[in-house]
**Student:** 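The structure that follows is given in the form of structure tokens.
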Protein chains: 2
Amino acid sequence: MSITQRQAQVLAFIRESLEAQGYPPTRAEIARHLGFRSPNAAESHLRALVKKRVIELLPGAARGIRVRGSGLPVIGRVAAGRPILAESHIERRLQVEEGLFRPKADYLLRVQGSSMRDAGILDRDLLAVHHVPLARHGQIVVARLDDEVTVKRLYRRQDRVELRPENPEFDPIKVDPRRQTLVIEGIVVGIIRSLSL
Amino acid sequence: MSITQRQAQVLAFIRESLEAQGYPPTRAEIARHLGFRSPNAAESHLRALVKKRVIELLPGAARGIRVRGSGLPVIGRVAAGRPILAESHIERRLQVEEGLFRPKADYLLRVQGSSMRDAGILDRDLLAVHHVPLARHGQIVVARLDDEVTVKRLYRRQDRVELRPENPEFDPIKVDPRRQTLVIEGIVVGIIRSLSL
DNA sequence: CAGATTACTGGATATAATTACAGCTGTATA
DNA sequence: TATACAGCTGTAATTATATCCAGTAATCTG
């Protein structure tokens, strides 16, 4: 039971309004923006979004629209064979400004281990990841090698593909496409570290 | 012309409301929260905050309150002798969730140089800084030595104070309190890096 | 000491906004 | 083929909200 295209437009406008105005839109504003002649059209879309648990409506309150699950999901340990963005992997959500990272971050992944230490990526750092299935030579990627999720720098030379750590204590991984399946889960676009002393 | 205590309470409630409800409060809600019997008391506080350029009011709009200058200020190069948080040092502001860092971040400072490379702090990183005048041994601090602002790890042994870089290419700074003035500007509580490839 | 600012009460009103009701057309689902 | 759901129009009532006006009192400022 996923969201329809029209409902996504309504949701996008709510987000837009929140960003630009600092408060949610009214039914009339939604109707005006999407070209409805009746505010009731907006109302029913909002009700549908409530039923699908995407927003909450606060009865009686003007502009009483709350977007649920806003902010970037923080992904902890990823279970083998399961998609990274599965609901069960989400530890919590963090409100981080869209546009802080470019291209935009889709989720935050918690680093395990120090194999990328010399790239300034330490154990327990949060990596901002842009979710795309393709990466270029030299980019730091989130990759899945035979169901194991790792963060490494991608090396692509002619027909050879390598995942290289940036720490001399770790060895580069030469990918053999005949025996292993390599899936690019995304490229790393940023880092957030909490020192909390 | 700064903000009064009462006005600060109103502002705090607006922020609280934004955080908890997802939208700004009405005049009546402000009045109820602060114990006013008339919504007009809230109205005049809001007007005062507008005059002091702390918020904006959108006429006619329900809950039409916008908090100006929200988010953490990003500090670029700091001019000698001027306070770090001077308005002229603010490059922009970033909307980052309060509570992402502990203790809370007061501003973001852009790193210049790689003297803290081995601590995972690279050139052009943004450091989340908690603004306090005291730091403990071992903490990474933002310090001002004779008007020069630097980021180093603080070493305090008996009566000796040192600011140590974490990169063998740089030398530790032994602070001589008779000739130099050391001011702790804050402690580093987090790092944000944008890779933008 | 006049005038501005802060900090409120109390009443009133226009309008902003939610929300109920009735109805329409398609498309998908059982 | 009945039933649900998506996606609307249109009207209207109720209530939520902003905002004006007229005061009172205390404190600060030039």
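Just the heavy atoms: all of them, side chains too, but no hydrogens, waters or symmetry mates, feed the values below. Every chain is numbered from 1 and lettered A, B, ... according to where its sequence line falls, protein lines coming before strand lines. Predicted model, so just to flag it, every value in this text is computed and none were measured.
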**Student:** If I take atom CG in residue A:L46 and atom P in nucleotide C:dA20, what distance separates them, rounded to the nearest angstrom?
**Tutor:**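 Those two atoms, CG and P, are 13 Å apart.
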**Student:** If you compare all heavy atoms of A:A42 against all heavy atoms of A:A31, which two are closest, and at what distance to 0.1 Å?
**Tutor:**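 Taking every non-hydrogen atom into account, CB-N, 4.2 Å.
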**Student:** With salt bridge (Lys or Arg N to Asp or Glu O under 4.0 Å) as the criterion, how do B:D176 and B:K174 come out once you've worked through the C-alpha distance, each side chain's angles and the decisive distance to 0.1 Å?
**Tutor:** CA-CA 6 Å; B:D176 182 348; B:K174 293 182 177 97; over 6 Å; no
**Student:** Select base, sugar-phosphate, or nothing to describe what B:S38 touches, counting heavy atoms under 4.0 Å on all strands.
**Tutor:**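 It contacts base atoms.
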**Student:** Please give me the minimum heavy-atom distance between A:L154 and A:R136, naming the atom from each residue.
**Tutor:**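 It is CD2-O, 3.7 Å.
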**Student:** At a heavy-atom distance below 4.0 Å, what parts of residues 62-69 of chain A sit against DNA chain C?
**Tutor:**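 Residues of residues 62-69 of chain A under 4.0 Å from DNA chain C: A:A62, A:R63.
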**Student:** Does any N or O in the side chain of A:D125 come within less than 3.5 Å of the main-chain N or O of A:R110, such that one atom is a donor and the other an acceptor?
**Tutor:**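 Looks like no, no N/O pair under 3.5 Å.
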**Student:** Not counting sequence neighbours, which residues clear side chain to side chain contact (heavy atoms under 4.5 Å, CB included) with B:I173? List them please.
**Tutor:**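 By the side chain to side chain contact (heavy atoms under 4.5 Å, CB included) rule, B:I173 matches B:L145, B:K152, B:L163.
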**Student:** Do B:L126 and B:L94 have side-chain heavy atoms sitting under 4.5 Å apart?
**Tutor:**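 Counting from C-beta outward, B:L126 and B:L94 do come under 4.5 Å.
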**Student:** Assuming nearest nucleotide by heavy-atom distance, tell me which of B:Q5 and A:A28 is located more 5' along DNA chain C.
**Tutor:**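 The residue whose closest nucleotide sits nearer the 5' end is B:Q5.
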**Student:** Any salt bridge between B:R157 and B:E162, counting N to O under 4.0 Å?
**Tutor:**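 Between B:E162 and B:R157 there is no salt bridge, as every charged N stays at least 4.0 Å from the carboxylate O atoms.
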**Student:** Along nucleotides 24-29 of chain D, 5' to 3', which nucleotides get a B, which get an S, and which get a -, given that the test is a protein heavy-atom distance under 4.0 Å?
**Tutor:** ------
**Student:** In this structure, how many angstroms lie between the C1' atom of C:dT5 and the CD1 atom of B:I3, rounded?
**Tutor:**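 That distance rounds to 15 Å.
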**Student:** Rounded to the nearest Å, what distance is computed from the CG atom of residue B:L57 to the P atom of nucleotide D:dT17?
**Tutor:**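 The answer, rounded to whole Å, is 16 Å.
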**Student:** Do the side chain of B:R153 and the main chain of B:E166 share a donor and acceptor less than 3.5 angstrom apart?
**Tutor:**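 Side chain of B:R153 to backbone of B:E166, a donor-acceptor pair under 3.5 Å: no, none is there.
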**Student:** Could you pick out which residue, A:A48 or B:R47, lies toward the 5' side of DNA chain D when each is mapped onto its nearest nucleotide?
**Tutor:**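 By nearest-heavy-atom nucleotide position, the 5'-most residue is A:A48.
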**Student:** Look at the side-chain N and O atoms of A:R27 and state whether any lies under 4.0 Å from the OP1 or OP2 oxygen of C:dA17.
**Tutor:**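 Result: no.
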**Student:** So A:P177 and A:V161, do their side chains get closer than 4.5 Å, heavy atoms only?
**Tutor:**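 With C-beta onward as the side chain, the pair stays apart.
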**Student:** Should we count NE2 of A:H89 as having more than 12 external heavy atoms under 6.0 Å?
**Tutor:**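 Yes - once you tally the heavy atoms of other residues, nucleotides and ligands closer than 6.0 Å, there are more than 12.
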**Student:** Are the side chains of A:I121 and A:I140 in contact, using a 4.5 Å heavy-atom criterion?
**Tutor:**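 Yes, at least one pair of side-chain atoms sits under 4.5 Å.
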**Student:** Between B:R6 and C:dA7, does any side-chain N or O lie under 4.0 Å from OP1 or OP2?
**Tutor:**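 False: B:R6 side-chain N/O out of range (4.0 Å or more) of C:dA7 OP1/OP2.
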**Student:** Applying ring pair (Phe, Tyr, Trp, His ring centres under 6.0 Å), name anything that partners A:Y155, two or more places apart in sequence or on another chain.
**Tutor:**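 Counting only residues at least two positions away or on another chain, A:Y155 forms a ring pair (Phe, Tyr, Trp, His ring centres under 6.0 Å) with A:H137.
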**Student:** Answer yes or no: is there a donor N or O on one side and an acceptor on the other, between the side chain of B:R27 and the main chain of B:L46, under 3.5 Å?
**Tutor:**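 Side chain of B:R27 to backbone of B:L46: no pair is present.
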**Student:** Rounded to the nearest angstrom, tell me the gap between atom CD in B:E43 and atom P in C:dT13.
**Tutor:**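 For the pair B:E43 CD and C:dT13 P, the rounded distance is 18 Å.
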**Student:** Listed by chain and number, what are the ring pair (Phe, Tyr, Trp, His ring centres under 6.0 Å) partners of B:F36, not counting sequence neighbours?
**Tutor:**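 Counting only residues at least two positions away or on another chain, B:F36 forms a ring pair (Phe, Tyr, Trp, His ring centres under 6.0 Å) with B:H45.
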**Student:** Phosphate oxygens OP1/OP2 of C:dA7: is one of them under 4.0 Å from a side-chain N or O of B:H45?
**Tutor:**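 Result: yes.
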**Student:** For C:dT6, does either OP1 or OP2 sit under 4.0 Å from a side-chain N or O belonging to B:K52?
**Tutor:**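 The answer is yes; a side-chain N or O of B:K52 sits under 4.0 Å from OP1 or OP2.
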**Student:** What protein N or O atoms touch nucleotides 27-30 of chain C N or O atoms at under 3.5 angstrom, if any, and at what distances?
**Tutor:**
none

**Student:** Under 4.0 Å between a side-chain nitrogen and a carboxylate oxygen: does that hold for B:R15 and B:E19?
**Tutor:**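 B:E19 and B:R15: not salt-bridged.
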**Student:** I'd like a table of atom pairs between the protein and nucleotides 21-26 of chain C - only N or O on both sides, under 3.5 Å - with the distance next to each one.
**Tutor:**
from, atom 1, to, atom 2, distance (Å)
C:dC21, N4, A:N40, ND2, 2.7
C:dA22, N6, A:N40, ND2, 3.4

**Student:** List the steps and the verdict of side chain to side chain contact (heavy atoms under 4.5 Å, CB included) for B:I191 and A:L195.
**Tutor:** CA-CA 8 Å; B:I191 295 166; A:L195 271 67; 4.2 Å; yes
**Student:** What are the residues of residues 15-26 of chain B, sorted by number, that bring a heavy atom to within less than 4.0 Å of DNA chain D?
**Tutor:**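 When residues 15-26 of chain B is checked for heavy atoms under 4.0 Å from DNA chain D, the hits, listed by number, are B:T26.
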**Student:** Give the C-alpha distance, both sets of side-chain angles, the deciding distance and a yes or no for side chain to side chain contact (heavy atoms under 4.5 Å, CB included) between A:E185 and A:V129.
**Tutor:** CA-CA 9 Å; A:E185 291 279 1; A:V129 183; over 6 Å; no
**Student:** Is there a donor-acceptor pair closer than 3.5 Å between any side-chain N or O of A:H131 and the backbone N or O of A:G186?
**Tutor:**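 Side chain of A:H131 to backbone of A:G186: no pair is present.
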**Student:** Does any N or O in the side chain of A:R66 come within less than 3.5 Å of the main-chain N or O of B:G22, such that one atom is a donor and the other an acceptor?
**Tutor:**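 A pair under 3.5 Å: no.
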**Student:** May I ask you to list the residues of residues 29-37 of chain A, by number, that have any heavy atom positioned under 4.0 Å from an atom of DNA chain D?
**Tutor:**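 Within residues 29-37 of chain A, the residues near DNA chain D are A:F36, A:R37.
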**Student:** Applying side chain to side chain donor-acceptor pair (under 3.5 Å), which residue pairs with at least one partner in residues 30-40 of chain B are found, sequence neighbours left out?
**Tutor:**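 Those involving residues 30-40 of chain B do not exist here.
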**Student:** For the helix from C:dC1-D:dG30 to C:dA30-D:dT1, measure the angle between the helix axis at one end and the axis at the other, each built from five pairs, rounding to 10°.
**Tutor:**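 The angle, to the nearest 10 degrees, is 40°.
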**Student:** Compile the donor-acceptor pairs under 3.5 Å between side chains in residues 75-84 of chain A and protein atoms, sequence neighbours left out, one pair per line.
**Tutor:**
from, atom 1, to, atom 2, distance (Å)
A:R82, NH1, A:S88, OG, 3.3

